[in-house]
Amino acid sequence: MYTRLHRETWLSRPPRATVPAALRPWLTDPGSLTARIRARCMDFRVDVVSQRLKRPNRDEAWLLGLRAGELAWVREVLLVADGRPVVFARSVLPRHNVRGAWNLFHGIGTRPLGAALFADPRVERQPLACIGLDRRDARYHRIAAALAGQRLPARVWARRSVFLLRGRALLVSEAFAPAILDLPARPL
Ligand SMILES: C=C(O[C@@H]1C=C(C(=O)O)C=C[C@H]1O)C(=O)O
């Protein structure tokens, strides 16, 4: 039985020694990731991988103050730029937060969550944090499965932050596919 002996280490800044310089702006830009990608491609879409009630992982549950085993709405998508998936995103919304504050979550479909989040001035974003996921982590394999066509590096870098609306939390995590580095550094 694997017992987690410590809290996960999400870093407030990507370490210079291990994160490619071109990836660092993607891990740290506090603006909308959707908008940043859209500005660097001709065609953008959101492919919904899954959106259903399920148990968040322990670290997500802890961050959202959920009891072990408590269900939450989990939405996993691929952000696709010019036909290539560049981000695997996973958003976790506690069940009790769906009413009122986050009712957008259900009707969003293939519209990017970010477009709604950043359009609402009441939504606050807490600071970003990042982590390098390797093959020992189940999330690495979930990302690899979703990005079936792309060969992943030994370590996939991801970021996450909590969005708050009327004090109710939505956790958004975003893992970057290798193809993100093929997007131009500057907007088109
Ligand atoms: C939070 C944002 O929304 C993006 C779109 C998501 C979705 O549609 O599920 C999830 C996470 C983000 O990558 C953003 O654009 O910054």
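Ligands are counted one by one from 1 in listed order, and the atoms in each one are counted from 1 as well.
Looking at ligand 1, you won't find any N or O of L117 less than 3.5 Å from one of its N or O atoms. Considering backbone and side-chain atoms together, E174 places an N or O closer than 3.5 Å to an N or O of ligand 1. Taking only nitrogen or oxygen atoms, main chain and side chain alike, S91 does not reach within less than 3.5 Å of ligand 1. Polar contact with ligand 1: present for S32 (N/O pair, distance under 3.5 Å). Among the atoms of V87, none of the N or O lies under 3.5 angstrom from an N or O of ligand 1. Between L113 and ligand 1, at least one N/O pair is under 3.5 Å apart.
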Can you list, pair by pair, the side-chain donor-acceptor contacts under 3.5 Å of residues 142-151, counting residues two or more places apart and other chains?
residue: R142; atom: NE; partner: E76; partner atom: OE1; Å: 2.9
residue: R142; atom: NE; partner: E76; partner atom: OE2; Å: 3.1
residue: R142; atom: NH2; partner: E76; partner atom: OE1; Å: 2.3
residue: Q150; atom: OE1; partner: A179; partner atom: N; Å: 3.2
residue: Q150; atom: NE2; partner: P85; partner atom: O; Å: 2.6

Name the atoms and distances for all side-chain donor-acceptor pairs under 3.5 Å in residues 26-35, with sequence neighbours left out.
residue: T28; atom: OG1; partner: R24; partner atom: O; Å: 2.9
residue: D29; atom: OD1; partner: G31; partner atom: N; Å: 2.7
residue: D29; atom: OD2; partner: R36; partner atom: NH1; Å: 2.9
residue: S32; atom: OG; partner: T34; partner atom: N; Å: 3.2
residue: S32; atom: OG; partner: A35; partner atom: N; Å: 3.1

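With a 4.5 Å cut-off on side-chain heavy atoms, L165 and L170 do not count as touching.
When only non-hydrogen protein atoms are considered, atom 16 (O) of ligand 1 lies nearest to L33 N, 2.7 Å. Remark: minimum distance from atom 2 (C) of ligand 1 to any protein heavy atom is reached at G114 CA, 3.2 Å. The nearest heavy-atom contact from the protein to atom 9 (O) of ligand 1 is R75 NE, 2.6 Å. The closest protein non-hydrogen atom to atom 15 (O) of ligand 1 is T34 OG1, 2.6 Å.
Taking every heavy atom of A89 and a limit of under 4.0 angstrom, the matching atoms of ligand 1 come to 10 (C), 11 (C), 13 (O). For ligand 1 and P112, the ligand atoms under 4.0 Å from any heavy atom of the residue are 8 (O).
Using a cut-off of 4.0 Å between Lys/Arg side-chain N and Asp/Glu carboxylate O, R160 and D59 are scored as salt-bridged.
For the pair D134 (side chain) and A154 (backbone), a donor-acceptor distance under 3.5 Å is absent. No donor-acceptor pair closer than 3.5 Å links the side chain of R45 to the backbone N or O of G83. Side chain of R135 to backbone of H141: no donor-acceptor contact under 3.5 angstrom is found.
Hydrophobic cluster membership differs between F163 and V87, with clusters built from Ile, Leu, Val, Met, Phe, Trp and Tyr side chains linked at under 4.5 angstrom.
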